[in-house]
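Values below: all heavy atoms of this structure, side chains included; hydrogens, waters and symmetry mates excluded.
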Amino acid sequence: MKYMGSKRWMLGNGLGHLLLERAGSAERFVDLFSGTGAVSWHVAENTTLPVLAVDLQTYSAVMAKAVIGRTRKLISTDLSAKWIDRAAGVRRQSQIWRKATAFDPATLKPEDVLKARRLCLQSDTIITRSYGGHYFSPEQAITADALMESLPTREPKRSACLATLIWAITRCAASPGHTAQPFQPTDTALPFIRESWSKDLLATCGDVLPLIANQAAGAIGTAIIGDAIEVAAREIGPGDLAFLDPPYSAAQYSRFYHVLETVARGSCGDVSGGGRYPPFEERPRSRFSMLSQATLAIEELLRTLGQARCAVVMTFPQHGCSNGIVGEDLISIARQWFEVDVTSVNTRHSTLGGNNTSRSSRRKAVELILSLNPR
């Protein structure tokens, strides 16, 4: 997935082994900033611990639940036939389907993009009306709406398919790095729009679905939408192993993932501007991304966990981050309540919008892994 703080790479570079080692003496695993769910999936699939995944955003809960919410693998071929094949028929019922298929990404011109946007405004379905002609071609947008309409009604199949769609649209979205803002039809960006609009969303879902369906948890877990500090104060105790991967950017993450949030919720207020952003009140805001509050929030969270006497594993960039936190300072804060072991790994962090042409989408960085035991 296009994701700012993904831990998939680090799971194979020491973090995954440490988590499983620490999980051996825990009764439950709590992922307080679960993001794409990669860490929750790893622990759920490789242990028999129940996993509690927590995040401010709905799409994150959907991603986590897709695996931690079941203990049996799903048959992806059956799901594909009942969901993806059905959506292929549903999309043809759109009143603008025939016109949508007339756009040829290979020969796309700036005026064609603007024409596509006007066409999509005629739709009454959420993805096409909000994002068609921007992040997605008219055909892709109508397909996304059809996939949402065709989702299974029962769990765990519904969550698995919805998570698949969320993952698939990140592969197709015409946007740099993440889904913060779509490419505009300029001479330099038009090739990227052509490339993105040429992707088959149904086929992409077909590629992603087995990656999710073939995973299963060792014990049923739970995914919730909530604030990390509030959940820690309410839910966490001595038998828990908590994992912390808090935001490192002053930019609110909801800015980058509002399209995913719309898919997860199935609804969205009127969008506006170049970023197609929803109304301000629909955008979750984290204290950990506020320059004036981030350090205080980290201190409060670590104090809460220290008082709960739970074990903690935490990751954070070593360098100073735009939310005002320096990774090295976290060690001093954590030592007020925990015995701290520190390791570091080389990794790559998002540059928040690089497209690998004019600016790299990732930069080299050092990530700290803190293993904390209550005093």
Side-chain angles (χ1 to χ4, degrees), residues 1-23 29-47 49 51 53-55 57 59-69 73 76 159-160 162-173 175-179 204-205 207-218 221 223 241-249 253 256-257 260 264 313-318 327 343-352 354 356 360-370:
M1 286 181 64
K2 292 180 180 178
Y3 200 75
M4 188 155 52
S6 177
K7 286 293 172 285
R8 293 183 187 279
W9 185 84
M10 284 187 65
L11 285 170
N13 195 36
L15 176 62
H17 176 76
L18 174 62
L19 290 172
L20 298 185
E21 182 180 81
R22 297 299 306 273
F29 181 78
V30 184
D31 188 352
L32 285 171
F33 302 88
S34 59
T36 63
V39 171
S40 291
W41 289 6
H42 177 76
V43 174
E45 189 172 26
N46 291 286
T47 74
L49 291 183
V51 173
V54 183
D55 202 278
Q57 300 200 72
Y59 78 86
S60 179
V62 171
M63 294 299 298
K65 183 180 178 181
V67 172
I68 72 172
K73 296 181 180 181
S76 58
S159 290
L162 184 53
T164 294
L165 177 57
I166 291 171
W167 189 340
I169 66 171
T170 70
R171 291 187 174 185
C172 297
S175 59
H178 306 288
T179 49
T204 304
C205 284
D207 292 338
V208 171
L209 184 56
L211 303 179
I212 294 176
N214 290 338
Q215 298 186 69
L241 171 60
F243 175 66
L244 313 182
D245 179 35
Y248 59 82
S249 170
Y253 279 30
F256 296 94
Y257 307 117
L260 311 188
V313 173
M314 183 176 186
T315 59
F316 203 82
Q318 184 179 48
T343 58
S344 60
V345 296
N346 294 320
T347 185
R348 295 173 67 81
H349 278 164
S350 168
T351 58
L352 306 186
N356 289 327
S360 174
S361 63
R362 296 269 170 179
R363 66 181 179 188
K364 293 181 179 180
V366 175
E367 186 102 358
L368 299 177
I369 304 177
L370 280 59

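In this structure, F29 CZ and R22 CZ are separated by 11.0 Å, a value rounded to the nearest 0.5 Å. Note: L209 CG to N214 CG = 8.5 Å, rounded to the nearest 0.5 Å. Rounding to the nearest 0.5 Å places CG of L32 at 5.5 Å from CG of L244. With rounding to the nearest 0.5 Å, the separation of CD1 in I369 from CE in M314 is 12.5 Å. Rounded to the nearest 0.5 angstrom, W41 CH2 and T36 OG1 are separated by 7.0 Å. Here the CG-CD distance, from L241 to E21, works out to 11.0 Å after rounding to the nearest 0.5 Å.
In this structure, C205 and T164 approach most closely via the heavy-atom pair O-CG2, 3.5 Å. Smallest separation of non-hydrogen atoms from S34 and D55: N-OD2, 3.4 Å. The nearest pair of heavy atoms linking S40 to D31 is OG-OD2, 2.9 Å. Taking every heavy atom of both residues into account, A223 and I68 meet most closely at N-CD1, 4.1 Å. Contact between G327 and F316 at its shortest, heavy atoms only, is CA-CD2, 3.9 Å.
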May I have the step-by-step check of side-chain contact (heavy atoms from CB on, under 4.5 Å) for L19 and L11, ending in yes or no? CA-CA 9 Å; L19 290 172; L11 285 170; 4.1 Å; yes

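Residues meeting the side chain to side chain donor-acceptor pair (under 3.5 Å) test with S175, sequence neighbours left out: none. Residues passing the ring-ring contact (aromatic ring centres under 6.0 Å, His included) test with Y59 are Y257, sequence neighbours excluded. Every residue was checked against the ring-ring contact (aromatic ring centres under 6.0 Å, His included) condition with F243, not counting sequence neighbours, and none meets it.
With a 4.5 Å cut-off on side-chain heavy atoms, R171 and V208 count as touching. A 4.5 Å side-chain heavy-atom check between E367 and K7 finds at least one atom pair inside the cut-off. A 4.5 Å side-chain heavy-atom check between L15 and V313 finds at least one atom pair inside the cut-off. Side-chain contact check for L260 versus V62: every heavy-atom pair is 4.5 Å or farther apart.
Side-chain atoms of D245 never come within 3.5 Å of backbone atoms of F33 as a donor-acceptor pair (strictly under, hydrogens ignored). No side-chain donor-acceptor contact under 3.5 Å links S159 to the backbone of A66.
A side chain to side chain contact (heavy atoms under 4.5 Å, CB included) with V345 is found for exactly one of L368, N13, V366, namely N13.
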